[in-house]
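Ligands are counted one by one from 1 in listed order, and the atoms in each one are counted from 1 as well.
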Amino acid sequence: MTDRYAVIGNPIEQSKSPLIHTAFAQVTGQDIDYGKLLGPLGEFAATVDAFRASGGRGMNVTAPFKLDAFAYATDLAPGALMAGAVNAMKFEGDRVLAENFDGVGLVRDVVHNLGFPLQGRRVLILGAGGATRGALLPLLAEQPAELVIVNRTVAKAQELAALAHRHQSGQVPVTALGYEAVQGVFDVVFNATSSSLTAELPPLPASVFASGCLAYDLTYGKGLTPFLKLAQQAGVTHLADGVGMLAEQAAEAFVWWRGVRPDTKAVIQKLTVPLE
Ligand code: ATR
């Protein structure tokens, strides 16, 4: 019997999840149907209840429902707890298991697909919102030499640094700074702000990029964002946007639901928007 899954959001037209999961199902031979669900605002729980009642097995969750899903879940995995948000749910009887795979997807893309091990590296992450929060533990698990969180509103970066210190088992130094205080060079620089959605440039000194460094914008599909352009002009040749992260977080959900890991190469190739 065909198992049903869906992504819920509002708006939802833009979501690539059905395309990705349908491609994964084809290559792994899984019999699933994966649709798009427009969730009326304020009616998350009722919409998900109805989907479950009609036999739905799992869901991805996108804006603006990641916190609603957090509240709806009966079993929050550590990744979801740490991120403070849910992007994948699995339904088992009365239980709603909830996960957040954005951070692990990011790290898998960087380390596995792009070939940039993070161990012993100096890592800079711009932004202190949900994207950074979700990436924190997976990044720290890679044991970088240090992690610096930079944000316009320094207090938010400080909160995340404190959270990181409370939760990590290793001893990676995590520092919170304002942009004007950033010093030195970094091996990997992530843009986890929402600046690229509005074609804005975070006030980052171009001197932060070490030679051979990776500049990674977590935003997907915006081409050469102002952040990536800054990096390119500073001589960085390893530029990436969030297409691989998008595919890898989906792959993590797919493994969780179906027990088989799909290869992401073809999907990444298909969804890649040139960085120009
Ligand atoms: P998300 O969940 O996508 O991370 P968010 O929680 O609203 O979204 O956080 C957005 C992040 O992008 C914040 O860190 C924000 O900085 P402030 O906390 O100082 O507002 C950052 N941001 C948004 N636009 C930015 C810009 N033009 N330059 C630098 N940082 C920006």
Side-chain angles (χ1 to χ4, degrees), residues 7-12 14-17 41 44 60-71 79-88 98-107 109 123-140 147-164 174-182 186 189-209 215-231 233-234 240-246 248-249:
V7 56
I8 181 168
N10 189 334
I12 199 59
Q14 78 293 346
S15 175
K16 303 291 183 204
S17 292
L41 298 178
F44 176 81
N60 282 121
V61 182
T62 190
F65 295 127
K66 289 185 178 186
L67 296 179
D68 296 88
F70 191 89
L81 272 172
M82 182 64 191
V86 161
N87 88 333
E99 268 285 8
N100 191 313
F101 293 120
D102 286 334
V104 275
L106 170 67
V107 167
D109 187 39
V123 177
L124 178 66
I125 187 160
L126 317 184
T132 296
R133 187 173 161 151
L136 270 187
L137 278 199
L139 285 177
L140 292 172
L147 177 65
V148 177
I149 306 170
V150 182
N151 201 41
R152 291 184 307 200
T153 317
V154 185
K156 281 169 69 182
Q158 285 166 340
E159 272 170 38
L160 290 191
L163 189 70
V174 182
T175 317
L177 297 174
Y179 284 92
E180 70 296 335
V182 184
F186 293 85
V189 182
F190 292 107
N191 181 16
T193 74
S194 50
S195 62
S196 301
L197 298 175
T198 46
E200 290 168 2
L201 178 64
L204 180 71
S207 56
V208 297
F209 302 104
Y216 192 114
D217 200 319
L218 274 65
T219 306
Y220 158 69
K222 297 286 179 191
L224 197 66
T225 63
F227 163 76
L228 291 175
K229 200 175 232 165
L230 177 81
Q233 285 168 353
D241 77 352
V243 64
M245 175 184 179
L246 177 69
E248 292 299 338
Q249 65 74 29

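Atoms of ligand 1 lying under 4.0 Å from at least one heavy atom of A128, given by number and element, are 14 (O). Close approach of ligand 1 to E200 is summarised as follows: ligand atoms under 4.0 Å from at least one heavy atom of the residue are 26 (C), 27 (N). Atoms of ligand 1 found under 4.0 Å from any heavy atom of N151, numbered from 1 in the order shown, are 13 (C), 14 (O), 15 (C), 16 (O), 17 (P), 18 (O), 19 (O). Residue contact check: T153 has heavy atoms under 4.0 Å from atoms 17 (P), 18 (O), 19 (O), 20 (O) of ligand 1. Residue G127 has at least one heavy-atom neighbour below 4.0 Å for each of these atoms of ligand 1: 14 (O).
Using a 4.5 Å heavy-atom cutoff, the side chains of N151 and L160 are not in contact. By the 4.5 Å heavy-atom criterion applied to side chains, V86 and F65 are not counted as neighbours. T175 has its side chain within reach of L177: a pair of non-hydrogen atoms, C-beta onward, lies under 4.5 Å apart. For the pair D241/T225, no side-chain contact is recorded, criterion being any heavy-atom separation below 4.5 Å from C-beta on. The closest side-chain heavy-atom distance from F227 to V189 is below 4.5 Å. At least one side-chain heavy atom of M82 sits under 4.5 Å from a side-chain heavy atom of L136. With contacts defined as side-chain heavy-atom distances shorter than 4.5 Å, the pair D109/Y216 qualifies.
A pairwise comparison of heavy atoms in N87 and N60 identifies O-ND2, 3.0 Å as the closest pair.
Protein heavy atom in closest approach to atom 20 (O) of ligand 1: R152 NH2, 2.9 Å. Regarding atom 12 (O) of ligand 1, its nearest protein heavy-atom neighbour is S194 N, 3.1 Å. Atom 2 (O) of ligand 1 has G130 N, 3.2 Å as its closest protein atom, hydrogens excluded (heavy atom only). Of all protein heavy atoms, the one closest to atom 9 (O) of ligand 1 is G129 CA, 3.5 Å.
The shortest N/O to N/O separation between T193 and ligand 1 does not fall below 3.5 Å. Taking any N or O of P203, backbone or side chain, none lies under 3.5 Å from an N or O belonging to ligand 1. Taking only nitrogen or oxygen atoms, main chain and side chain alike, A131 reaches within less than 3.5 Å of ligand 1. On a distance-only criterion, K156 and ligand 1 share at least one N/O pair closer than 3.5 Å. Considering backbone and side-chain atoms alike, L201 places every N or O at 3.5 Å or more from each N or O of ligand 1.
Residue contacts with ligand 1, taken as heavy atom pairs separated by less than 4.0 Å, involve Y179 solely via side-chain atoms from C-beta onward.
Counted by atom type alone, S196 and N191 present one or more donor-acceptor pairs between their side chains at under 3.5 Å.
D102 is linked by a salt bridge (Lys or Arg N to Asp or Glu O under 4.0 Å) to K66, counting only residues two or more places apart in sequence or in another chain.
Under the 4.0 Å distance rule, the nearest protein heavy atom to atom 27 (N) of ligand 1 falls inside the cut-off.
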